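In what follows, a structure is listed as structure tokens, so that the remarks can point back to it.
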Amino acid sequence: MGDYTFLYRGGMLEASPEERQKHLEKWMVWFKDMGAKGQIKETGHPLESGRKVVSGKAMTVNDGPFAEAKDLISGYTVIAASDLAHAADIAKGCPILQVGGSVEVRPVMQMNM
């Protein structure tokens, strides 16, 4: 088993409070199901909209880059899966896919310190 990060992008940009609540309930069911299967390593958290980007040798600090709303990372989760294909199959159950969002699945490199 390895660790994989789900990076959530897009979805639910314009929705009523009722729609948001129903969507949140789907997330809770999905997380509960993954937890019951021992797949959740870290539930993660939604991310706030504010950000700074530090880049280059000069360590320049900017408010951007300004990506399209559908490309903004809105949250993350760390899961356990047998391999990348298994992690991608788990991601297919993510509620963000039902509202036009996407899940980027990335393996977490293990570093021995």
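Values below: every heavy atom of this structure, side chains too, minus hydrogens, waters and symmetry copies. Treat the numbers as computed from the prediction; the structure is a model and nothing was measured.
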Exercise: identify the closest heavy-atom pair between A87 and V105: CB-CG1, 3.6 Å
V108 reachable from V103 in the ILVMFWY side-chain graph, under 4.5 Å edges: no
Side chain to side chain contact (heavy atoms under 4.5 Å, CB included) between Y4 and I90, intermediate numbers included: CA-CA 11 Å; Y4 296 84; I90 295 168; over 6 Å; no
Any donor-acceptor N/O pair, T77 side chain to T43 backbone, under 3.5 Å: yes
F6 vs C94 side-chain heavy atoms within contact, under 4.5 Å: no
Residues that, via side-chain heavy atoms closer than 4.5 angstrom, fall in one hydrophobic cluster with V29: none
Side chain to side chain contact (heavy atoms under 4.5 Å, CB included) between I96 and S74, worked out: CA-CA 10 Å; I96 203 166; S74 58; 4.1 Å; yes
Inter-residue atom distance E42.CD - T5.OG1, 0.5 Å rounding: 8.5 Å
I79 side, atom CD1; I40 side, atom CD1 - distance, nearest 0.5 Å: 8.0 Å
Whether Y76 and H45 hold their rings parallel, tilted or perpendicular, with breakpoints at 30° and 60°: perpendicular
Ring geometry between W27 and F31 (parallel below 30°, tilted from 30 to 60°, perpendicular above 60°): tilted
Qualifying residue for side-chain contact (heavy atoms from CB on, under 4.5 Å) with P95, from K22, E25, H23, M28: H23
